[in-house]
Amino acid sequence: MQNLFNGIAITGSGSAVPQTCLTNENLTQIVDTSDEWITTRTGIKERKIALAPESLTSLATAASQQALAAAGITAADINLILLATSTPDDLFGTACRVQNELGAIKAVAFDLTAACSGFVFGLVTAAQYIKTGVYENVLLIGADILSRWVDWEDRGSCVLFGDGAGAVVIQANKSDRLLGFTLKSDGTQNQYLNLNYKGTTQELNSSEIQVTQGKFHPITMNGREVYRFAVQKVPEVIDKTLFTAHLQAEDIDWLILHQANQRIINAVAERLEIPQHKVISNVANYGNTSAASIPLALDEAVRQGKIQCDDIIAISGFGAGLSWGAAIFKWGR
Ligand code: COA
């Protein structure tokens, strides 16, 4: 047992995005779309796209270095690295590469896949390891490069996504700053958002022995169904989390939703009667960066001086799985 506290605190954040920017205007050269359509339906104006030598490892590492500096600890202090991603550099896992880049010699490192809910699921996972006394300092990263997996001929989905990484340091703390959480999965709706593996069976060296080999195919999405799911389930899961935390919606200082679409963000805030000035949004600049979107928005708001120590923050992620969840925490130690 390394730690005698059974609370957690989120003590630092960081983020990183690729250098290349793809505007709505640029997209009109790729698919039949317009800035006006994308802006009115989604609120997105541009997104960042990772080009070699940028990689999931490099973005995740850069975000992590900032988070460690903000928390005032070093890589050698980390016990556990959780990398929430659906777009690893290596299907065997990318967290160990990040561990190596950081020089986090003591840390156990592994990937966690829960699509756009990955950061919320990762936060709750990290909290369990700390609350049971197993680990003291956890580095949680949300990072994705969906531009690798978008179908660039599908105008209904390719305009939505962008690349990026965000990270937080979560530490053992005397009082528990994680006030409540709820996680949900519904595989009956899995077909609405996929990045599927498809293989064909072949014989090996003309022998009778067969294997199936193939590859992952680009994202397929039923936008209307995902939209419907999000505007119904996200307010519900935040309401439930408020209830378990013994809080009311008006107690929330900042609402940070997964940055998928400004219309979804507005609809959820309206349902919860949370005023716009408490809603953090940067979807216009980055599009949907999947597991990165919440920590990226969180980190920007912290660096802009909006989020202050002790502020109550509600986050909610939702996406493929289908999966969704919410967490409410007090910022800082
Ligand atoms: N540019 C121009 N027209 C487009 C377009 C684009 N990029 N994409 C789709 N269209 C067209 C469609 O072909 C359709 O044309 P039609 O009526 O002639 O058939 C029309 O616009 C309306 O399409 P529809 O899919 O009904 O639009 P929508 O209002 O539902 O908006 C989304 C589409 C994708 C923006 C919206 O459904 C959405 O945001 N869903 C959630 C997706 C999401 O967030 N996924 C990730 C979750 S983690």
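Computation of the quantities below employed the complete heavy-atom set of this structure, encompassing side-chain atoms and omitting hydrogens, waters and symmetry-equivalent molecules. Whatever order the structure lists them in is the order used to number ligands and atoms, beginning at 1.
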Residues Asp32 and Arg155 bridged, charged N to O under 4.0 Å:
yes
Carboxylate-amine/guanidinium proximity below 4.0 Å for Lys45 and Asp35:
yes
Would you be so kind as to tabulate the donor-acceptor pairs closer than 3.5 Å made by side chains of residues 104-128, with sequence neighbours excluded?
residue : atom : partner : partner atom : Å
Lys106  : NZ   : Ala76   : O            : 3.4
Asp111  : OD1  : Thr94   : N            : 3.0
Asp111  : OD1  : Ala95   : N            : 2.8
Asp111  : OD2  : Thr94   : N            : 2.9
Thr113  : OG1  : Thr85   : O            : 3.4
Ser117  : OG   : Ser323  : O            : 3.0
Ser117  : OG   : Ser323  : OG           : 2.8
Thr125  : OG1  : Phe121  : O            : 2.7
Gln128  : NE2  : Val124  : O            : 3.1

Applying salt bridge (Lys or Arg N to Asp or Glu O under 4.0 Å), name anything that partners Glu46, two or more places apart in sequence or on another chain.
Lys48
Quick one: which residue pairs count as a salt bridge (Lys or Arg N to Asp or Glu O under 4.0 Å) with a foot in residues 73-101, not counting sequence neighbours?
Asp89-Arg148, Asp90-Arg97
Tell me if the aromatic rings of Phe161 and Trp149 count as close, with their centers under 6.0 Å from one another.
no
Check ligand 1 for close polar pairs with the protein: N or O on both sides, less than 3.5 Å.
residue  : atom   : partner : partner atom : Å
ligand 1 : 1 (N)  : Thr33   : OG1          : 2.7
ligand 1 : 3 (N)  : Trp37   : NE1          : 3.3
ligand 1 : 3 (N)  : Arg155  : NH1          : 3.4
ligand 1 : 7 (N)  : Thr33   : OG1          : 3.1
ligand 1 : 7 (N)  : Arg155  : O            : 2.8
ligand 1 : 13 (O) : Arg155  : NH2          : 2.9
ligand 1 : 21 (O) : Trp37   : NE1          : 3.3
ligand 1 : 26 (O) : Arg224  : NE           : 2.7
ligand 1 : 26 (O) : Arg224  : NH2          : 2.6
ligand 1 : 27 (O) : Arg41   : NH1          : 3.2
ligand 1 : 29 (O) : Arg41   : NH1          : 2.6
ligand 1 : 37 (O) : Gly223  : O            : 3.3
ligand 1 : 39 (O) : Asn261  : ND2          : 2.7
ligand 1 : 40 (N) : Gly223  : O            : 2.9

